[in-house]
Amino acid sequence: MPRFAQLVMGPAGSGKSTYCSTMVQHLGTLNRSAQVVNLDPAAEHFDYPVMADIRELIQVDDVMEDPSLRFGPNGGLVFCMEYFANNFDWLDESLGHVEDDYILFDCPGQIELYTHLPVMKQLVEQLQQREFRVCGVFLVDSQFMVESFKFISGVMAALSAMVLLEIPQINIMTKMDLLSPKAKKEIEKYLDPDMYAMMEDNSDNIRSKKFQSLTKAICGLIDDYSMVRFMPFDRTDEEGVNMVLQNIDFSIQYGEDLEFKEPKVKKQTNTTKPNRKRSDANYYAFIIHVWFLQEVDDDSGDLNYDEAFQDKVDS
Ligand SMILES: Nc1nc2c(ncn2[C@@H]2O[C@H](COP(=O)(O)OP(=O)(O)OP(=O)(O)O)[C@@H](O)[C@H]2O)c(=O)[nH]1
Ligand SMILES: [Mg+2]
């Protein structure tokens, strides 16, 4: 029997702990049991009940106070995570083995963990060895995403995690409830972004020709492979929270032994993309599923996602 995990990641303050608390409450209202593991050794506040807390294993303050280590807060946190990676037995003891586990891991906000350090990858491998199907949930604060260049940085951070971890990943824009109606309208274009158009809008702001071509190449790569999209997350909107959950469940095939339920699709008001099917959340989750679980053989190199998606929907 597989077990299921959400690895909740994202920059500092992006809303990871709040997401875990909202999601676990939402799962409760659906009569689904889910647990949260705190993996942030520097955590001070969270309001969900924890199944396990990394601070029982190691705390940043202890590392910083240790005269033989003398780390600051950032180095201390990296040290703690490396210590954790070498002591996965602690996680085994804490998790036990209940069939049909559904666990959310509230991760630290140090961006290095998702760009080049191996510890998160090691965690994923350890979980997979223990029969977990893991979905990465990458959170970015919508407050910082209302301008194109900030948005490109956010996309690159999400992309780094996707490439590093090699698991299905759902990217989420948090704190949507804080946006004004005008900003909400504005941000819609970032949920399913047309990177080429974004680049064109801003190319006048870049003076250096070399930098302009580099930015163009990055935007082109992201757009050509439809690599990164975002789902909005407003903790006060239950329907929206449910839609995020359904997409995550779909990407790890939670409940495949149960009756198959397709994620609900909220009506899109974004009209910038002519191909409606490509901006469909189901389609997005489906591509992730195909890529990572390799359900469709793409050796031929000319796999048609549109056709494969239609087949799946028809069946
Ligand atoms: N209004 C609103 N505030 C939010 C939301 N999510 C998080 N916040 C606030 O943003 C702040 C940071 O949220 P956290 O959930 O602690 O963020 P985090 O990513 O866990 O932070 P670190 O663990 O320090 O990296 C807190 O004050 C939260 O109350 C949201 O969806 N809406
Ligand atoms: Mg936190």
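In listed order, ligands and their atoms are each counted from 1.
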Just to be sure I understand the site: which N, O or S atoms from the protein are less than 2.8 Å away from the Mg ion (ligand 2)? Ser17 OG
Does the gap between the ring centers of Phe84 and Phe88 come in under 6.0 Å? yes
So, does Ser14 sit close enough to ligand 1 that a heavy atom of it is under 4.0 Å from the ligand? yes
Would Thr174 count as a polar contact of ligand 1, with the cut-off being nitrogen or oxygen pairs under 3.5 Å? no
Between Val241 and Thr22, what is the shortest heavy-atom contact and its length? CG2-CG2, 4.2 Å
Determine whether the side chain, the backbone, both or neither of Thr22 has a heavy atom under 4.0 Å from any heavy atom of ligand 1. neither
Return the option from Asp40, Leu179, Val8, Asp237 holding the heavy atom at the smallest distance from atom 23 (O) of ligand 1. Asp40
Look only at interatomic distance and state if Gly15 has a nitrogen or oxygen under 3.5 Å from any nitrogen or oxygen of ligand 1. yes
If I apply the N/O under 3.5 Å rule, does Asp106 come out as touching ligand 1? no
Nearest heavy-atom pair of Thr115 and Leu164: which atoms, and what distance? O-CD1, 4.0 Å
Measuring from atom 11 (C) of ligand 1, which candidate in Met176, His45, Lys175 has the nearest non-hydrogen atom? Lys175
Under 4.0 Å from atom 7 (C) of ligand 1, is there any protein heavy atom? yes
Here the atoms of ligand 1 under 4.0 Å from any heavy atom belonging to Leu178 are 1 (N)
Could you point out which residue of Leu191, Leu179, Leu139 forms a side-chain contact (heavy atoms from CB on, under 4.5 Å) with Met173? Leu191
Which of the ligand 1 atoms, numbered from 1, are nearer than 4.0 Å to a heavy atom of Asp177: 1 (N), 2 (C), 30 (C), 31 (O), 32 (N)
